[in-house]
Amino acid sequence: MEYNHREIESRWQRQWRESEIYKVSTDPSKPKFYVLDMFPYPSGAGLHVGHPLGYIASDIYARYKRLQGFNVLHPMGYDAYGLPAEQYAIQTGQHPEKTTTVNIARYRSQLDKIGFCYDWSREVKTCDPEYYKWTQWAFQQMFGHYYDIAADRAMPIDALVAHFESRGTEGLQAAAGKDLEFTAAEWAALDEKAKSDVLMNYRIAYLGHTMVNWCPKLGTVLANDEVSEGLSIRGGYPVEQKLMYQWCLRVSAYAQRLLDGLERVDWTDSLKETQRNWIGRSEGAEMRFKVAGRDLDLEIFTTRADTIFGVTFMVLAPESAYVDMVTADECRDAVRAYLDEVKHKTERERMIDKKVTGVFTGSYAINPLTGKQIPIWVSDYVLAGYGTGAIMAVPAHDSRDYAFARHFDLPVIPLIEGADVSESSFDAKSGRMINSEGPELNLNGLEVKDAIAATKRFIAEKGLGRVKVNYRLRDAIFSRQRYWGEPFPVYYKDGIPHMLPADQLPLQLPEIDQYLPTESGEPPLGRAKNWQTADGCPLELNTMPGFAGSSAYYLRYMDPRNNDALVSPEANGYWRQVDLYIGGTEHATGHLIYSRFWNKFLYDLGTVCEDEPFRKLINQGMIQGRSNFVYRIKDTNTFVSAGLRKDYDTTPIHVDVNIVNNDVLDLEAFRAWRPEFATAEFVLEDGRYICGYAVEKMSKSMFNVVNPDDIVERYGADTLRLYEMFLGPLEQSKPWDTNGIDGVNRFIKKLWKLYQDSDDSQPSAANLKTLHTLIKKVAQDIENFSFNTSVAAFMICVNELTAQKCRSRAVLEPLAVVIAPFAPHVAEELWHSALGHDTSVVDAQWPAHDEKHLVEAEVTYAVSFNGKARYNITVAADADAETVKAVAMAHEAAEKWTGGKEPVKVIFVPGKILNFVIK
RNA sequence: GCUCGAAUGGUGAAAUGGUAGACACGAGGGACUUAAAAUCCCUUGACCAUUGCGGUCGUGCGGGUUCGAGUCCCGCUUCGAGCACCA
């Protein structure tokens, strides 16, 4: 019988669907395993061959775990809210929901063809009201909680109100926007609006006046991770800083826990490092400098407390509240002019333009250690949003301060022995301190590290400041001036925001006539009719950002149809957390921070039992496109093969990779491709037209998009799955190159052939060795996510068994099970038709390898002495006399080297053959 | 600038400190065939030798540890990724 992938695959996929074989339920009698893919945004372009890479890897792992007897949760869904559908809606008037539905259907059919073992009964879509009810619910919970620093967790806002009522802010330790101070009496005297404003300062989801990334072109604000180098990630439009009244999430309150949690998860070091950078913890000191002649302290943050003797000036951020307080009357005009100048620069201009600018305020601060007066300046190189918005400048040991000092001719005092500060600052945190002696503190001769500690101790004792930890991580801006997102379950009464009652959730997204802002500049929801509560209070017009829906979806899969809770305690208690999460690195500082934050908040609430959502995370590499080129001779319609092009003056033209095979152009298909090539002539080499190639992003405009459907149609899903794994290490980025897929396809055909005429004969020792080598290798490889070497192992195994003319069911049966995670359709077919089982291979047991079949073939002699050197000499079990003699000599030599004093151990372990020469 | 990765044939890549280049593609040669496709076999890191055997060099560069280094350590080079007036 011929291997017919079309027939086999459609038949088995139907079978799996009809028997609901991949449906799972909570089953406390079995150990659980949760394998998750980052769910896709269903874009209009559909899937290309790069998308399924991670899905195939997770599918292999899920199937493997299932064969090992685990109850595997392996769901899929859609991150359905997003800008492209909305942009498309603006252009065409088509409702984004319609576009999204069409795209989801397309994704589903593409995914189905690859043969994944998803439990589709658990599918979630973020735009589904049944789903976003719980996104809205979580938001309301965040509104109803504050972060208690002493308890190190979120607490109900009622507890905060109770605290205010009894003690005001006395003894309060809570994450807040501003440090407020009031008494219980003052709190009681506040009106409702004022109380609401105070509570906003503490809520985890809060309305705040913050500097936001405003993108005029997209007409919306963006989160920090949606902006790079002053441009929006999506579209690449300029982004400005703008002060707006927006919903925010107090992610910063969780900064330390987000950092600590990284110690407990099994992620790659580089991803953890990326998150650590993003959180940006820095330990330092907050210190007060008196302003000369005024009753005012400047509070600054520094990580280099040791350099305090080298402070020669102070700098304030232009937006700092200090600026107005310290500016002397005679300098007021100059300062105001400077502030105006700075304000008109965009963030991007400020970044590109590294010119040193600044203005003197006319005031002086007093260095608390030397008592000397130092000038206070304003400059835009100091950021308002970090630390206190004011710094002590140490030009000798900070390159930015150095540039400023040189530009304005301010003094530079070196503080580290041997540091040459004539050309540039010495920024390294190492060396011995000099010039650092004052009346009360002497740091001279100390190492920088010790000097920092000594200074911190000193300022804490003298009450000059305190040890302080700062984080770069900012609160997440949670409002979007967009239509296609979750509506906020919020209404306003007398200008005070209130949450809709829980029984009115979900608040459904209303219909509107156009997907644009209103004439008065309000977000699109301003167009909705009757967008108000029953008693006429207006509802919030903003919608939630993309990350809202994706922050807890992994929890919803545990209990997707529960209408009373995001997830029941039973379901969450069983599935707990994602054991394996596979997705791209592009979410490192977005989704993977937000969902960890979201999860920690739900953990504080007691909704979930695990503090970290994703135990192990693998980042699959990006698949790049491999573009092909033809070379047109200038001003002709003649194309010259790549190898001959240097003899002509040519222009390279992208050619559709789908009409090129192994870089050989299909001439007829090329002529038919576009009208202007219908009359194309060719200059061939060896009778063929060879195309050039380049690695580029996979995109329509490069004509290098390869659709998985085409590969499945031509070679079958199993070939696609094996080939994507064979392409290289999972975590590495690589170009898609269809060259080589034939090799994998050949392997499947050989596998198929091996199973024809299977019988009940006894397997030979060689058969068993081949089989057990494979079982051992593949199990190891799957655990290490080294799928490419597994595929190689399959090829070796099948080649060997073919050469051995193995027909034995005792070998073929476990072989089918081992191959099943990788090539499920063909494994299933062979399991039934050739081996005669009437159950699914999915229900089989993963075979254990038996060391005895491997050991007897080869033996390694490991000779160690001195507890140090170690020689492994491996010889075949049936080794000739000469080899055995060599081993004996090695043993003897080892004993001689040790002088017979050290024990010589000879260990027998299985391994490969090594030729060892004794000199 | 700081942090983290990576570098091996014509190509994708393998190698718990122990035969470098598994496996595959491509290429060359051969078998089968009227022919092609399909299939199968041989060769394929470089150089030298070649009627036999074989020999030398070789994992970005320079050092080091080790009986032994692609692998470990130190110092570079190049490329990629993340962060970046973050004090």
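By convention in this document, chain letters (A, B, ...) are assigned in the order of the sequence lines, proteins followed by strands, and residues within each chain are numbered from 1.
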Please list all pairs passing the salt bridge (charged side-chain N to carboxylate O under 4.0 Å, His left out) test where one or both residues lie in [range], with sequence neighbours left out.
| range | result |
| --- | --- |
| residues 302-316 of chain A | A:Arg304-A:Asp306 |
| residues 786-801 of chain A | none |
| residues 270-281 of chain A | A:Glu263-A:Arg276, A:Glu273-A:Arg276, A:Arg281-A:Glu283 |

Applying salt bridge (Lys or Arg N to Asp or Glu O under 4.0 Å), can you list everything that pairs with [X], at least two apart in sequence or on another chain?
| X | value |
| --- | --- |
| A:Glu668 | A:Arg671 |
| A:Arg466 | A:Glu286 |
| A:Asp398 | A:Arg400 |

**Study point:** Consecutive Watson-Crick or G-U pairs in runs of at least 3, all under 3.5 Å, in which RNA chain B is involved
**Key:** B:1-7 with B:77-83, B:10-12 with B:23-25, B:26-31 with B:39-44, B:45-48 with B:54-57, B:60-64 with B:72-76
Review point. How long is the line joining CE of A:Met622 and P of B:G80, in whole Å?
Key: 14 Å
Revision key, fill the gap. Closest of B:G82, B:A13, B:C4 to the A:Glu273 side chain is B:C4
Return the polar atom pairs (N/O with N/O) between nucleotides 28-31 of chain B and the protein under 3.5 Å, or none.
none

Practice item. Apply side-chain contact (heavy atoms from CB on, under 4.5 Å) to A:Ser270 and list each qualifying residue two or more places apart in sequence or on a separate chain. Key: A:Thr268
**Study point:** Results of side-chain contact (heavy atoms from CB on, under 4.5 Å) for A:Val818 - residues two or more places apart only
**Key:** A:Leu774, A:Ile775, A:Val778, A:Phe794, A:Trp846, A:Pro847
Using a cut-off of under 3.5 Å, enumerate the N/O to N/O pairs linking the protein to nucleotides 5-12 of chain B.
unit_1, atom_1, unit_2, atom_2, d
B:G12, O2', A:Leu727, O, 2.4

Practice item. Strictly below 4.0 Å, heavy-atom distances to any atom of RNA chain B: list the hits from residues 275-286 of chain A, or just say none. Key: A:Asn277, A:Trp278, A:Ser282
